[in-house]
Amino acid sequence: MSDPSVSGVPVVRAESLTKRFGSVVAVDDLSFALAPGTITGFLGPNGAGKTTTLRMVLGLAAPSRGRALVFDMLYADLPQAALRVGAVLEATDFHPGRSGRDHLRTLSRAALLPDSRVDEVLTLVELSDAARRRVKGYSLGMRQRLGLAAALLGDPELLVLDEPANGLDPEGVRWLRDFLRDFARKGRTVLISSHVLAEVAQTVDQVLIINRGKLVVESSLEQLTARVGGSVRVRSPEVSRLQEALSRAQIATSPSNEHALLVHGTTSDRVGDIAFAARIPIHELASEASSLEDVFLELTSEPVR
């Protein structure tokens, strides 16, 4: 099979992916594609269908309609899938009486990998010092690292991670961010589901947002925040007059502090022109881009049609 990074074939492609549980539609006609060498943040409220989608991508759940392809094949038909795809959907799938190293050795032998690979991935996730401890004594953050180590055993081209930052301390979150960026720089691909929106914004290249099983947006992070737009922060000693002038121009504002406003739905040039025409002094005028959290809340607060 040809290398998707050369042929241009998406690493993951969902085509009208749908999953029903009785009368409940968990995933509804979902389509998207992931290019090689990218980190994609997969976002949505609780119950939006993220985990169900990941399970269908990995062949753990059968779609009611549509299909999910990995390297242009169904996951079940993918040769040496364990060596090409690494996944962490839960950080609890461990035997509590085994050591972290023994857990990984069991998995590596099932995949016909040498024991030396276990030590390599333990070093990668910085768990070497705890390798001989029983998993029942691991913190949640350590279990997250152990799950990631298991996903990395086959040196995969694709990582699928469900809430990987859950339980990590700030140092661990930074380590994960750096690790995933380095992984993608090597031409590999990451699909990461998360509710830690501020962290996702510092990690991902593109964003998939779903709500009630439907795709809301598929976009690069930069294009998404630019499209939704931010606000303009303006500071003036005559903030009341400025607010009145903007209101007459049918421009919405909200207070930032005693001497400043956040102006919505327009540009800093337009705000400056209005202030100049009204002879209102301006001490500060700056555009503020929307954060990913702002965008997420705005897009998912709208009912899905």
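Everything numeric in this text was worked out from a predicted model, so none of it was measured. Basis for what follows: all heavy atoms, side chains included, without hydrogens, waters or symmetry-related copies.
Rounding to the nearest 0.5 angstrom, the gap separating the CZ atom in Arg67 from the CD atom in Glu15 is 4.0 Å. With values rounded to the nearest 0.5 angstrom, Ile280 atom CD1 is found 6.5 Å from Ser236 atom OG. With values rounded to the nearest 0.5 angstrom, Leu127 atom CG is found 12.0 Å from Asp119 atom CG. Taken to the nearest 0.5 Å, the CG atom of Leu191 stands 9.0 Å off from the CG atom of Asp162. Taken from CG in Leu104 to CG in Leu113, the straight-line distance is 11.0 Å, to the nearest 0.5 Å. Within the model, atoms CD of Glu218 and CZ of Phe42 stand 10.5 Å from one another, a figure rounded to the nearest 0.5 Å.
Transitive grouping of hydrophobic side chains (ILVMFWY, heavy atoms separated by less than 4.5 Å) brings Leu285 and Ile274 into a common cluster. At a threshold of 4.5 Å between side-chain heavy atoms, the hydrophobic network of Ile, Leu, Val, Met, Phe, Trp and Tyr places Leu153 and Phe94 in one connected group. Linking Ile, Leu, Val, Met, Phe, Trp and Tyr residues whenever their side-chain heavy atoms come within less than 4.5 Å places Met73 and Leu158 in a single cluster.
Applying the salt bridge (charged side-chain N to carboxylate O under 4.0 Å, His left out) test to pairs two or more places apart or on separate chains, none has a residue in residues 266-278. Pairs engaging residues 41-52 under the salt bridge (charged side-chain N to carboxylate O under 4.0 Å, His left out) rule: none recorded [sequence neighbours left out]. For residues 144-184, the pairs satisfying ring-ring contact (aromatic ring centres under 6.0 Å, His included) are Trp175-Phe179, with sequence neighbours left out.
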Pair up each side-chain donor or acceptor in residues 24-40 with any protein partner under 3.5 Å, not counting sequence neighbours, and list the distances.
{"unit_1": "Asp28", "atom_1": "OD2", "unit_2": "Lys214", "atom_2": "NZ", "d": "3.3"}
{"unit_1": "Asp29", "atom_1": "OD1", "unit_2": "Ser16", "atom_2": "OG", "d": "3.2"}
{"unit_1": "Ser31", "atom_1": "OG", "unit_2": "Ser16", "atom_2": "N", "d": "2.8"}
{"unit_1": "Thr38", "atom_1": "OG1", "unit_2": "Ala35", "atom_2": "O", "d": "2.6"}
{"unit_1": "Thr40", "atom_1": "OG1", "unit_2": "Gln206", "atom_2": "NE2", "d": "2.7"}

Distance-only donor-acceptor pairs under 3.5 Å for side chains of residues 52-63, two or more places apart:
{"unit_1": "Thr53", "atom_1": "OG1", "unit_2": "Gly49", "atom_2": "O", "d": "2.8"}
{"unit_1": "Arg55", "atom_1": "NH2", "unit_2": "Leu60", "atom_2": "O", "d": "3.4"}

Name each donor-acceptor pair under 3.5 Å that joins a side chain in residues 242-253 to protein atoms two or more places apart or in another chain, with its distance.
{"unit_1": "Gln243", "atom_1": "NE2", "unit_2": "Thr253", "atom_2": "OG1", "d": "3.2"}

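For Tyr75, there are no ring-ring contact (aromatic ring centres under 6.0 Å, His included) partners, not counting sequence neighbours. For the side-chain hydrogen bond (donor to acceptor under 3.5 Å, both in side chains) test, no residue two or more places apart in sequence or in another chain qualifies with Arg133. Residues that satisfy the side-chain hydrogen bond (donor to acceptor under 3.5 Å, both in side chains) test with Asp178, not counting sequence neighbours, are absent from this structure. Applying the side-chain hydrogen bond (donor to acceptor under 3.5 Å, both in side chains) criterion to Arg105, with sequence neighbours excluded, gives no partner residue. For Asp77, there are no salt bridge (Lys or Arg N to Asp or Glu O under 4.0 Å) partners two or more places apart in sequence or in a different chain.
A salt bridge does not link Glu171 with Arg174: every distance from a Lys NZ or Arg NE/NH1/NH2 to an Asp or Glu carboxylate oxygen is 4.0 Å or more. Ion pairing of Asp102 with Arg134 is absent here, as no side-chain N (NZ or NE/NH1/NH2) approaches a carboxylate O to less than 4.0 Å.
Leu159 places a side-chain heavy atom less than 4.5 Å from the side chain of Leu180. Side-chain contact between Leu176 and Leu148 is present, with at least one heavy-atom pair separated by less than 4.5 Å. At a threshold of 4.5 Å between non-hydrogen side-chain atoms, the residues Val88 and Glu163 do not count as touching.
A donor-acceptor distance shorter than 3.5 angstrom exists from the side chain of Arg145 to the backbone of Val125, with no hydrogens or angles considered. Remark: side-chain polar atoms of Arg98 are not paired, donor with acceptor, to backbone N or O of Thr106 under 3.5 angstrom.
Across all their heavy atoms, Pro164 and Gln144 have their closest contact at O-CD, 3.6 Å. Among all heavy-atom pairs drawn from Ser108 and Val118, the shortest one is OG-CG2, 3.5 Å. The minimum heavy-atom distance between Arg20 and Ser64, with the atom names listed, is N-OG, 2.8 Å. A pairwise comparison of heavy atoms in Met142 and Ala130 identifies CE-CB, 3.5 Å as the closest pair. In plain terms, the two heavy atoms of Ala131 and Leu122 that are nearest each other are CB-CD1, 3.6 Å. Shown here for Thr123 and Ser128, the closest heavy-atom pair between the two residues is OG1-OG, 3.3 Å.
Annotation: cation-pi geometry satisfied between Arg84 and Phe71 (NZ/CZ under 6.0 angstrom from ring centroid, within 45° of ring axis).
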| task | Mind running salt bridge (charged side-chain N to carboxylate O under 4.0 Å, His left out) on Arg188 and Asp155 for me, showing each step along the way? | result | CA-CA 10 Å; Arg188 303 178 187 190; Asp155 197 19; 2.6 Å; yes

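Heavy atoms from other residues, nucleotides or ligands lying under 6.0 Å from CD of Glu284 number more than 12.
Grouping Ile, Leu, Val, Met, Phe, Trp and Tyr by side-chain contacts under 4.5 Å, direct or through others, puts Leu69 with Leu74.
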